[in-house]
There are 2 protein chains.
Amino acid sequence: MEAQAEVSTAPDDLGGRAWELMFEVFKSAKAYMEVVAAGLDMTPQQVYALKSLTNERPMAMSELASSLGCDASNVTALVDKLESRGLVERRSTDRDRRVKSLIMTEAGVALRARIQERMKKAPAAIENLTSGDKVALCEILSRAVASLE
Amino acid sequence: MEAQAEVSTAPDDLGGRAWELMFEVFKSAKAYMEVVAAGLDMTPQQVYALKSLTNERPMAMSELASSLGCDASNVTALVDKLESRGLVERRSTDRDRRVKSLIMTEAGVALRARIQERMKKAPAAIENLTSGDKVALCEILSRAVASLE
DNA sequence: TATTGTTATACTCTATAACTATA
DNA sequence: TATAGTTATAGAGTATAACAATA
């Protein structure tokens, strides 16, 4: 593991340097996510989908699409797979019979809990930091995100 | 834009909190990245590839693969496209004739510079930080990344 | 024997466009 | 007409396995 430290940038381009490092952290996290998904015999997208659902306020297909940040046409096959594994059900609504609500089965709820548990942990790169570093990181990133609004 | 704030986490789960925030930053940047790539008539992956290269220390195909975090077999077609656009050249090395070094053409260097310029501004969330915060962020993330090795 | 890059293949994720059934 | 979901399709990204040339 190394290879792209040299993307650097002017010696004082602190923002660019920070971004490169953040990218590294993401790459390691993506790999972890794939491992978690594979361990549950799912694709990452299926994991994200199940993670997004809740039975307290059932989602429509289109809501799931926007939650995943993809086109609605993709959600059909995705939900097909979850449904064929007995994790969710499509249920037509009375109010508008075009809409389909997504309800998790018991198995779906249970699997979602397992996912939550495994995903709760931040990637190792972050967890390995000292408490002090984590606090500082939270504070800085809070300011970063806040600046977008 | 919303939808996964509910993954939250114990109040003192600093790592998890930092991770959520980092995710926010990343999401804002990913969308921008796609716009930049489309504006240059490239795919995001092609942009990442060109961004990773340097003529000061030319990369082998396998190095580019590890820099992109993908299997080496994918790099063949990727470099084919960059090469067909006259942005890079494969050059066999004398030391080990199995290895192919990737050299940017003049056009590649120029396009890379345009990419760098546009990407430097990319994560507004980060650029908006104070210099002090950027320095601290670099230091913390350096430790995070270093902890992976 | 091991490694670099290539090819073949297959699967996932993605968007666009056309369709259906409702509204 | 407009919208929710589906289908068909195509392109990009991904990994695995087998191969040639070279080490």
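Lettering follows sequence order; numbering is per chain, from 1.
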**Q** Between B/L78 and B/S73, which is nearer to the 5' end of DNA chain D once each is assigned its nearest nucleotide?
**A**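 So the residue in question is B/L78.
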**Q** Where each residue is assigned the nucleotide of DNA chain C containing its nearest heavy atom, which of A/D96 and A/K81 is assigned the position nearer the 5′ end?
**A** A/K81
**Q** Starting from P on D/dA21, measure out to CZ on B/R97 and report it in whole angstrom.
**A** 12 Å
**Q** With under 30° as parallel and over 60° as perpendicular, where do the rings of B/F26 and A/F26 fit, or are they tilted in between?
**A**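 If you compare the ring of B/F26 with that of A/F26, the planes turn out parallel.
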**Q** Output yes when a side-chain donor or acceptor of B/N128 lies under 3.5 Å from a complementary backbone atom of B/A124, and no otherwise.
**A**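 Checking the backbone N and O of B/A124 against the side chain of B/N128, a donor-acceptor pair under 3.5 Å is found.
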**Q** What's the NZ-C1' distance between B/K100 and D/dA20, to the nearest Å?
**A** 11 Å
**Q** Going by side-chain contact (heavy atoms from CB on, under 4.5 Å), name the residues that satisfy it together with A/E63, two or more places apart in sequence or in a different chain.
**A**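 Applying side-chain contact (heavy atoms from CB on, under 4.5 Å) to A/E63 gives A/R57, A/M59, A/A60.
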**Q** Find the distance A/R95:CZ to D/dG5:C1' and express it as a whole number of Å.
**A**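 After rounding, the reported distance stands at 17 Å.
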**Q** Starting from P on D/dT3, measure out to CD on A/E63 and report it in whole angstrom.
**A**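 Taking CD of A/E63 and P of D/dT3, I get 16 Å after rounding.
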**Q** Taking 4.0 angstrom as the limit, do A/R114 and A/E117 come out as a salt bridge?
**A**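 Not counted as a salt bridge, because no side-chain N and carboxylate O are separated by less than 4.0 Å.
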**Q** Hey, is the main chain of B/L53 close enough, under 3.5 Å, to the side chain of B/R112 for a donor-acceptor pair?
**A** yes
**Q** Going 5' to 3' along DNA chain C, which are the first and last nucleotides with any atom under 4.0 Å from a heavy atom of chain A?
**A** C/dT12 to C/dA23
**Q** Using atom CG of A/D71 as one end and atom P of D/dA10 as the other, report the distance to the nearest whole Å.
**A**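 Atom CG in A/D71 sits about 17 Å away from atom P in D/dA10.
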**Q** If each of A/E34 and A/A60 is mapped to the nucleotide of DNA chain D with the nearest heavy atom, which maps nearer the 5' terminus, i.e. the 5' end?
**A**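 Looking at the nearest nucleotide for each, A/A60 comes out on the 5' side.
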**Q** Any idea which of D/dA12, D/dT14, D/dG5 is nearest the B/C70 side chain?
**A** D/dT14
**Q** Which part of the nucleic acid does B/T76 contact within heavy-atom distance under 4.0 Å: base, sugar-phosphate only, or nothing?
**A** base
**Q** Within the 4.0 Å heavy-atom criterion, would you say B/A77 contacts the bases, only the backbone, or no part of the nucleic acid?
**A** nothing
**Q** Taking the minimum atom-to-atom distance to the side chain of A/R98, which one of D/dT6, D/dT16, D/dT3 wins?
**A** D/dT3
**Q** Rounded off to whole Å, could you give me the CD-to-P distance for the B/Q45 and D/dG13 pair?
**A**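 Atom-to-atom, B/Q45 to D/dG13, this comes out as 5 Å.
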**Q** In whole Å, what is the span from the CG atom of B/L68 to the P atom of D/dG13?
**A** 10 Å
**Q** Where each residue is assigned the nucleotide of DNA chain C containing its nearest heavy atom, which of A/D94 and A/Q46 is assigned the position nearer the 5′ end?
**A** A/Q46
**Q** B/L87 and side chain to side chain contact (heavy atoms under 4.5 Å, CB included): which single residue from B/M42, B/E106, B/M104 fits?
**A** B/M42
**Q** Okay, side chain of B/E83, backbone of B/R90: is any donor-acceptor separation there less than 3.5 Å?
**A** yes
